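One structure below.
Every value quoted in this text rests on a predicted model; they were computed, and no experiment measured them.
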Amino acid sequence: MDDQDQQSDVPTLRMLSWARNSTIYRLERRMMTEKQLFDAITRKAKQKFENISPAQLKAVAGSAIKFAYDQKALDDVAYAAASTRSAVRGGKSKRVIAQKLSSKGVAGDIVDTALEYADDLFAAVVFARKRGFGPFRRGDLDEKRKAKELSAFTRNGFSFEIGKKVFGMSASEADEVLETRRAL
């Protein structure tokens, strides 16, 4: 047995160097939350280093997180804000956005802050435009289609009131909501 095998709780310099380089590689390509980076480094370290101990795994992932924070490349607040803006523009409801951010490990208070300025009405109008619902409908409205459209709003996290409001809008009202929100 050599020295490195006996020090199973302490990561080797090779492991720490790999974690640093892997962190740079990942964060250059996309924003990540602390949890996402921790999970990615842990998963890849298990594959890369055959006999890595749980303590070494934790230390390697911890050093990657510390390095990312030291470089100011990891910021859950900025991640949540950017993801929220993007999701609202994509027609996602506050409820769906909150679930997604929580599943990525963003803390509840950060999620709440990010959602403060999210506009569910704007997102619902975008959703309706994407799906051809309400004011963007091309065909005739029958009871089956009405039920389908209203339930789609609810399934996608919008309140019944918002779904009904968008459903009853005229095309010019919907365009006005989109234009007003874009100006902000």
Would Leu101 and Tyr79 satisfy side chain to side chain contact (heavy atoms under 4.5 Å, CB included), going step by step from the backbone distance to the final call? CA-CA 9 Å; Leu101 289 174; Tyr79 179 89; 4.0 Å; yes
Under a 3.5 Å distance rule, please check whether Ser86 uses its side chain to pair with a backbone N or O of Ser83 as donor and acceptor. no
For the pair Asp76 (side chain) and Glu34 (backbone), establish whether a donor and an acceptor sit closer than 3.5 Å, ignoring hydrogens and angles. yes
Mind listing the closest non-hydrogen atom pair of Ala114 and Ala81 along with its distance? CB-N, 4.2 Å
Do the side chains of Lys66 and Asp70 get nearer than 4.5 Å, heavy atoms only? yes
Roughly how far, to the nearest 0.5 Å, is CG of Leu121 from CZ of Phe158? 9.5 Å
Answer with yes or no whether the hydrophobic clustering places Phe67 together with Phe49; edges join I, L, V, M, F, W, Y residues whose side-chain heavy atoms lie under 4.5 Å apart. no
Taking side chain to side chain contact (heavy atoms under 4.5 Å, CB included) as the criterion, tell me which of Ile110, Ile97, Val88 meets it with Leu115. Ile97
Residues, nucleotides or ligands: over 12 heavy atoms within 6.0 Å of Tyr69 OH: yes
Heavy-atom pair with the smallest gap, counting every atom of Ile41 and Ala19: CD1-O, 4.2 Å
Quick one: does any side-chain atom of Thr154 pair with a main-chain N or O of Phe160 as donor and acceptor, under 3.5 Å? no
Please determine whether side chain to side chain contact (heavy atoms under 4.5 Å, CB included) holds for the pair Met32 and Leu27, giving the CA-CA distance in whole Å, both sets of side-chain angles, and the decisive distance to 0.1 Å. CA-CA 7 Å; Met32 298 178 100; Leu27 294 176; 3.9 Å; yes
Where do Leu16 and Pro11 come nearest, in terms of heavy atoms and distance? CD2-CG, 3.8 Å
Are Val10 and Met15 connected into the same hydrophobic cluster when the rule is that any two of I, L, V, M, F, W, Y join if their side-chain heavy atoms are below 4.5 Å apart? no
The test is side chain to side chain contact (heavy atoms under 4.5 Å, CB included); show your working for Phe136 and Asp175 and say whether it passes. CA-CA 10 Å; Phe136 304 100; Asp175 288 339; 4.2 Å; yes
Go through the steps for Arg129 and Leu178 under the test side chain to side chain contact (heavy atoms under 4.5 Å, CB included), then give the verdict. CA-CA 10 Å; Arg129 185 183 63 198; Leu178 293 175; 3.4 Å; yes
Please answer: with hydrophobic residues joined when any side-chain heavy atoms are less than 4.5 Å apart, are Phe122 and Val96 in the same cluster? no
Side chain to side chain contact (heavy atoms under 4.5 Å, CB included) partner of Val125, chosen from Val177, Asp119, Ile162, Asp120: Val177
Check for a donor-acceptor pair, side chain of Gln56 on one end and backbone N or O of Asp9 on the other, with a separation under 3.5 Å. no
May I have all residue pairs that pass side chain to side chain donor-acceptor pair (under 3.5 Å) and include part of residues 139-149, sequence neighbours excluded? Arg137-Glu149, Arg145-Glu149
Do Ile65 and Met31 belong together in a cluster built from hydrophobic side chains that touch within less than 4.5 Å? no
Quick one: does Lys48's side chain get under 4.5 Å of Arg14's, heavy atoms only? yes
Taking every heavy atom of Arg89 against every heavy atom of Val126, the minimum-distance pair comes out as O-CG1, 3.3 Å
Is the shortest heavy-atom distance from the side chain of Thr113 to the side chain of Val77 under 4.5 Å? no
Quick check: does any side chain N or O of Ser22 sit under 3.5 Å from a backbone N or O of Trp18, one acting as donor and the other as acceptor? no
Determine whether Val60 and Ile24 fall in the same hydrophobic cluster, where Ile, Leu, Val, Met, Phe, Trp and Tyr are linked whenever their side-chain heavy atoms lie under 4.5 Å apart. no
Separation between NZ (Lys92) and OG1 (Thr84), nearest 0.5 Å, reads 13.0 Å
Glu176 CD to Met169 CE distance, which is reported to the nearest 0.5 Å: 9.0 Å
Work out which heavy atom in Phe153 is nearest to a heavy atom in Ala128; give both atom names and the distance. CZ-CB, 3.8 Å
Does the pair Asp39/Lys35 count as a salt bridge with the N-to-O cut at 4.0 Å? yes
Ignoring hydrogens, what is the shortest heavy-atom contact between Arg131 and Asn156? Give both atom names and the distance. NH1-ND2, 4.1 Å
